[in-house]
Protein chains: 2
Amino acid sequence: MAVPSSSPVTPAASPLFLREHEVRRGVELLFFGYTRLTRSIDEGLAEHGLGRAHHRALYFIARQPDLTISELLKILAITKQSLGRVLTDLGAQGLVETRAGVTDRRQKLLRLTPDGVAFEARLFDALRTSLAAAYAAAGQESVTGFWRVLEGLIPPNDRVMVAALQKDM
Amino acid sequence: MAVPSSSPVTPAASPLFLREHEVRRGVELLFFGYTRLTRSIDEGLAEHGLGRAHHRALYFIARQPDLTISELLKILAITKQSLGRVLTDLGAQGLVETRAGVTDRRQKLLRLTPDGVAFEARLFDALRTSLAAAYAAAGQESVTGFWRVLEGLIPPNDRVMVAALQKDM
DNA sequence: CAAGATACGTCAATATGGCTGTCCCATCTT
DNA sequence: AAGATGGGACAGCCATATTGACGTATCTTG
């Protein structure tokens with residue numbers, strides 16, 4: 001996109017307003033990549049009559065056992081009511097269980113049951129297959145760049161939360 | 001991660017079954033990055049009483065003027081009925097117009113009106129601000145990696161379509 | 001200890017964006 | 001002339017999200 005290499009007097013325009021092509025490319029690849037990856041687990045979910053919303057909850061509970069409801073709400077950024085139905089479904093299928101918090105008994109600590117662990121692992125396999133293939137095709141340096149750009153898309157406020165998820169990897 | 005540097009007898013396990021941490025990290029960053037980016041335009045859309053589905057159509061019509069309905073259906077991978085409602089809304093607001101195809105008059109060629117162009121540009125500004133900031137923070141080499149990994153997530157069948165979008169950039 | 005804040009649950013109503021199945025019309029192809 | 005294709009439209013359904021109000025148990029603090 002026509003960054004004029006002329007006019008050396010004017011300072012380079014802010015990068016925020018340059019590179020429309022690069023931005024469009026990112027928007028499109030993000031759209032296709034994200035939607036195609038998420039589609040890869042729909043079949044597995046459908047076997048249990050569950051949807052993507054259930055998977056998101058399942059995934060983050062698997063990731064951080066003993067997560068509380070309010071922590072999960074922050075991660076998913078949906079309302080309590082929306083999450084409520086999802087957790088009811090997961091509980092009814094015996095995939096998730098809750099216990100009272102230890103230091104604060106108002107809290108509910110969320111955990112996967114053994115069935116939940118097995119089911120999440122099955123779904124994760126599909127994600128792993130797709131992502132690992134993409135990583136392998138792109139090469140390790142690309143993976144680092146992939147992460148860096150995505151991190152930059154997360155508002156600073158949310159980064160603490162994301163970092164917390166990954167702290168004990 | 002722990003790829004054991006020991007056991008030189010066993011061949012390295014298939015990369016598809018290694019690196020759970022890296023895969024989880026990718027899944028999470030993709031989730032947060034994608035959802036946060038898309039949220040950045042919700043406000044602008046709400047001013048017109050439109051949703052994300054409308055934006056996706058608007059975006060790809062902006063990207064490829066004179067797109068046909070069936071091409072757009074392939075890109076979005078939704079049903080004709082779902083797209084129909086979206087296009088009706090966009091047409092009613094004077095953002096999108098159609099003309100009969102030139103070589104095949106059954107086709108409808110989709111285009112943004114001047115209002116549509118202006119509105120899409122406004123929404124795109126929000127995306128550009130977010131993405132360009134992430135690009136700048138990550139550095140150009142990272143951007144390349146970001147693209148490569150995402151390309152790898154797109155099923156080979158769909159890559160032609162994505163490449164077509166970007167061919168005249 | 002009483003008052004208030006917090007964690008969670010729940011009711012009712014609503015919006016959005018998908019889906020299936022069916023049928024129709026106009027136009028192109030053979 | 002017959003069939004295939006591009007597009008539109010009907011009816012009904014489902015999943016996932018929303019807001020707002022209210023209830024209960026528990027923790028915190030003056």
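Keep in mind that this is a model prediction, so the values were computed, not measured. Order of the sequence lines sets the chain letters (A, B, ...), proteins ahead of strands, with each chain counted from 1.
- Counting to the nearest Å, the C1' atom of dT16(D) and the CG atom of Leu83(A) are 12 Å from each other.
- Geometrically, Arg24(A) engages Phe124(B) in a cation-pi contact, judged by NZ or CZ lying under 6.0 Å from the ring centre and within 45° of the ring axis.
- Residue Arg105(B) places at least one side-chain N or O under 4.0 Å from the OP1 or OP2 atom of dT27(C).
- Atom CD in Glu71(B) sits about 14 Å away from atom C1' in dT5(D), given to the nearest Å.
- Defining each end axis of the helix from dC1(C)-dG30(D) to dT30(C)-dA1(D) as the rotation carrying four pairs' C1' atoms onto the next four, with five pairs an end, the two axes are found to diverge by 30° to 10 degrees.
- Taking every side-chain heavy atom of Arg106(B) into account, dT5(D) is the closest of dG7(D), dT5(D), dG18(C).
- Checked by atom type and distance alone, the side chain of Thr38(B) pairs as donor or acceptor with a backbone atom of Tyr34(B) at under 3.5 Å.
- Put simply, Ser82(B) has a side-chain N or O that comes within less than 4.0 Å of OP1 or OP2 on dC19(C).
- One atom, CG of Leu110(A), and another, C1' of dC8(C), lie 11 Å apart when rounded to the nearest Å.
- Atom CZ in Arg52(B) sits roughly 10 Å away from atom P in dT18(D) (whole-Å rounding).
- For Arg99(B) against Asp66(B), the heavy-atom pair with the smallest separation is NH2-OD1, 3.0 Å.
- Spacing between atom NZ of Lys108(A) and atom C1' of dT26(D) amounts to 14 Å, rounded to whole angstrom units.
- You'll find that the side chain of Asp104(B) is closest to dT27(C), out of dA17(D), dT27(C), dC27(D).
- Residue contacts shown for Thr79(B) include a base, since a base heavy atom lies under 4.0 Å away.
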Dump the pairs, protein N or O against N or O of nucleotides 21-25 of chain C, anything under 3.5 Å, distances to one decimal.
unit_1, atom_1, unit_2, atom_2, d
dG21(C), O6, Gln81(B), NE2, 3.2

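- Residue Leu73(B) is the one, among Leu73(B) and Val86(A), whose nearest nucleotide of DNA chain D lies closer to the 5' end (criterion: closest heavy atom).
- In this structure, the CG atom of Leu90(B) is 14 Å from the P atom of dT16(C), given to the nearest Å.
- Ile69(A) has its CD1 atom 16 Å from the C1' atom of dT26(D), to the nearest Å.
- At least one donor-acceptor pair closer than 3.5 Å links the side chain of Gln93(A) to the backbone N or O of His48(A).
- Atom CD1 of Ile78(A) and atom P of dC8(C) are 14 Å apart (whole Å).
- A donor-acceptor pair is defined here as one N or O able to donate and one able to accept, closer than 3.5 Å; such a pair exists between the side chain of Arg159(B) and the backbone of Ile154(B).
- If you check every strand for non-hydrogen atoms under 4.0 Å, Gly51(B) touches sugar and phosphate atoms only.
- Contact annotation: Ser70(A) reaches the phosphate of dC8(C) (side-chain N/O to OP1 or OP2, under 4.0 Å).
- The existence of a salt bridge linking Asp158(B) and Lys74(B) is excluded, since no basic side-chain nitrogen approaches an acidic carboxylate oxygen closer than 4.0 Å.
- Nucleic acid contact for Arg85(B): base, since at least one base atom lies under 4.0 Å from a heavy atom of the residue.
- In terms of phosphate contacts, His54(A) brings no side-chain nitrogen or oxygen within less than 4.0 Å of OP1 or OP2 of dA15(D).
- Taking 4.0 angstrom as the limit, Arg56(A) places a side-chain polar atom (N or O) nearer than this to OP1 or OP2 of dA17(D).
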